[in-house]
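Before any comments, here is the structure.
What you are looking at is a predicted structure, and each value in this text was computed from that prediction instead of being measured. We count residues from 1, following the sequence as given.
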Amino acid sequence: MSALIAATAFAATVAAGQDLRKARVAEWKPIVAKFQKPSALRAAWQLSNSVALYVLLWFLMYWSLKISHLLTLSLTILSGAVVVRVFIIMHDCGHGSFLKSKLANDIVGFVAGIVVFTPYYHWRWEHSLHHASSGDLDRRGTGDVWTMTVQEYLDSSRWMRCVYRLARNPFVLLVIAPVFVFVFRQRFSSRKANSRERWSVWWTNLGILGMALTLSWVFGWKMYLFIQLLITTVAGAIGIWMFYVQHQFDGAYWERGEAWDYTVAALQGSSFYRLPKILQWFSGSIGFHHIHHLSPRIPNYNLERCHRAHPIFQDVKPVTIRSSLNSAKLHLWDEERRKLISFRHLKRLQKRGADTGASTRNPPHARRQC
């Protein structure tokens, strides 16, 4: 009888949770629908000023090398920021939100993908998996930043813990990883990809080769490689940091199974990264990431307008540039405390547990630090 009562109570709780989720969806869906309409004029203006600025910066970088390396470095940072803006255009095309026409989105997205060294269709497929599973602990692993729970980390071998700590190191994350991902990793397709995604990789590689040969003919191959590597490293570092902060921050959301909720994952598991207007322009307003995850069909040029349209969106606590720096110290998801913690915090918890004689699932090999 007690088991029956418990089962009935659980079913009632699940039903109540489902009703609450439906109410939330009913509240925000009509709001975001107003901002899902692409504007051909705004899209054309964004595309033209981004491409024109990128071409101009390439010539200025080439010219600046004869004058000052410090000037070249400054122009590299600007060029990298523009590449991030081009990436966001490709990103919107992948969601079918940048332009009204599907064909136009695919053409612009594919060409933009060549510029940012990213195979459009393959990336679109992986990114769709990220949107469908963001914040779900049971569906991690595709299109996201590698995140382990505390217990997974403690249960891992010493070698795996060392690899994980290395992967979360800021230098590896922001310097080595961008070059690896955009120069090497994106040149190959996933084993799970279908034929269109695989062909997308090879066609993109061919397009990059054509672009490299053309620019090498104009500037010389040594100069091309030097400038391109600088831009790719800077753009990759900015892009990876933006993506990292959008899902790895104090107050982030992670759940398992039935407890996971799409709306909560969007509004609590995706940050509102409040940036100065100039940085918002370069990043294509993707700092309004909570809005983007709530409705990927909203083009980047409508994200801020949607954010300001209703208090439900503005109640999301913003992450500032200063507070975002703390994200670099967050490494593991603590399921018991329901928050991201640092390796140092974990060490303190282990020490406290040892001092108090608390029982923890901490295998002997977990006590050996990397």
Side-chain angles (χ1 to χ4, degrees), residues 80-95 97 109 112-113 116-120 122-136 139-148 164 167-183 185-186 231-254 265-275 279-280 282-294 296 298 300 303 316 318-321 323-331 333 340:
V82 173
V83 169
V84 172
R85 184 171 168 83
V86 175
F87 188 96
I88 296 302
I89 291 175
M90 182 203 74
H91 166 272
D92 278 15
C93 290
H95 285 296
S97 64
V116 299
F117 282 46
T118 303
Y120 171 70
H122 190 277
W123 174 87
R124 186 177 72 175
W125 162 65
E126 288 192 326
H127 192 64
S128 67
L129 298 179
H130 161 69
H131 270 267
S133 62
S134 180
D136 190 333
R139 294 188 289 166
R140 287 165 289 163
T142 302
D144 54 16
V145 176
W146 184 17
T147 304
M148 295 179 77
Y164 184 72
R168 304 288 292 209
N169 180 279
F171 179 79
V172 173
L173 193 68
L174 300 178
V175 180
I176 297 177
V179 176
F180 172 75
V181 170
F182 291 100
V183 177
R185 173 64 186 86
Q186 299 278 36
I231 293 175
T232 301
T233 302
V234 171
I238 296 172
I240 287 179
W241 173 251
M242 288 289 296
F243 185 75
Y244 182 89
V245 172
Q246 286 160 357
H247 297 286
Q248 306 275 324
F249 59 96
D250 190 20
Y253 170 92
W254 288 93
L267 294 178
Q268 295 182 16
S270 304
S271 69
F272 165 31
Y273 198 10
R274 188 166 61 195
L275 297 169
L279 297 183
Q280 182 181 323
F282 279 113
S283 61
S285 297
I286 201 63
F288 296 94
H289 212 60
H290 58 306
I291 302 296
H292 172 64
H293 264 262
L294 200 59
I298 299 176
N300 73 82
L303 289 174
V316 175
V319 175
T320 63
I321 291 179
S323 65
S324 71
L325 299 178
N326 186 56
S327 295
K329 303 175 184 177
L330 303 177
H331 309 113
W333 178 253
L340 286 164

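- Listed here is the closest heavy atom pair of Tyr244 and Val145: CD1-CG1, 4.0 Å.
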>> Checking Leu267 against Leu294 for the side chain to side chain contact (heavy atoms under 4.5 Å, CB included) test, could you report, in this order, the C-alpha distance in whole Å, the side-chain angles of both residues, the deciding distance, and whether it holds?
In response: CA-CA 7 Å; Leu267 294 178; Leu294 200 59; 4.2 Å; yes
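- Separation of atoms CG (Asn169) and NE2 (His331) is listed at 8.5 Å; rounding is to 0.5 Å.
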> Can you check side chain to side chain contact (heavy atoms under 4.5 Å, CB included) on Met242 and Tyr273, steps first, answer last?
Replying inline: CA-CA 9 Å; Met242 288 289 296; Tyr273 198 10; 3.7 Å; yes
> Given His292 and His131, is the side chain to side chain contact (heavy atoms under 4.5 Å, CB included) satisfied, shown in steps?
Replying inline: CA-CA 10 Å; His292 172 64; His131 270 267; 3.0 Å; yes
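- Counting only N and O atoms by type, the side chains of Ser327 and Ser324 include no donor and acceptor under 3.5 Å apart.
- Partner Thr147 forms a side chain to side chain donor-acceptor pair (under 3.5 Å) with one of Gln248, His247, Arg140 and no other, that one being Gln248.
- Atom CG of Asp250 sits in a sparse spot, with 12 or fewer heavy atoms from other residues, nucleotides or ligands closer than 6.0 Å.
- Between the side chains of Gln246 and Ser270, no donor-acceptor pair of N or O atoms lies under 3.5 Å.
- In plain terms, the two heavy atoms of Ser134 and Ala265 that are nearest each other are O-CB, 3.5 Å.
- With sequence neighbours left out, Asp136 forms a salt bridge (Lys or Arg N to Asp or Glu O under 4.0 Å) with Arg139.
- How far OG1 of Thr320 is from CG of Leu325: 8.0 Å, rounded to the nearest 0.5 Å.
- Remark: Arg168 engages no residue in a salt bridge (Lys or Arg N to Asp or Glu O under 4.0 Å) (not counting sequence neighbours).
- The minimum heavy-atom distance linking Leu173 with Pro178 is given by the pair O-CD, 3.5 Å.
- If you look at Phe243 and His130, their ring centroids are closer than 6.0 Å.
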>> side chain to side chain contact (heavy atoms under 4.5 Å, CB included) for Trp125 and His127? Distances and angles first, verdict last.
In response: CA-CA 5 Å; Trp125 162 65; His127 192 64; over 6 Å; no
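- A donor-acceptor contact shorter than 3.5 Å is absent between the side chain of Ser323 and the backbone of Val319.
- Atom CD of Gln268 is separated from atom CZ of Phe249 by 8.5 Å, given to the nearest 0.5 angstrom.
- Interatomic distance, Leu303 CG to Ser97 OG, rounded to the nearest 0.5 Å: 8.0 Å.
- Rounding to the nearest 0.5 Å places CZ of Phe182 at 14.0 Å from CD1 of Ile231.
- Considering all non-hydrogen atoms of both residues, Ile238 and Val84 come closest at CG2-CG2, 3.7 Å.
- Gln280 CD to Leu275 CG: the interatomic distance, rounded to the nearest 0.5 Å, is 7.0 Å.
- Counting all heavy atoms, side chain and backbone alike, Val86 lies closest to Ala112 at CG1-CB, 4.0 Å.
- Side-chain atoms of Phe272 and His290, non-hydrogen and from C-beta on, do get closer than 4.5 Å to each other.
- For Thr232 against Val183, the heavy-atom pair with the smallest separation is CG2-CG2, 4.1 Å.
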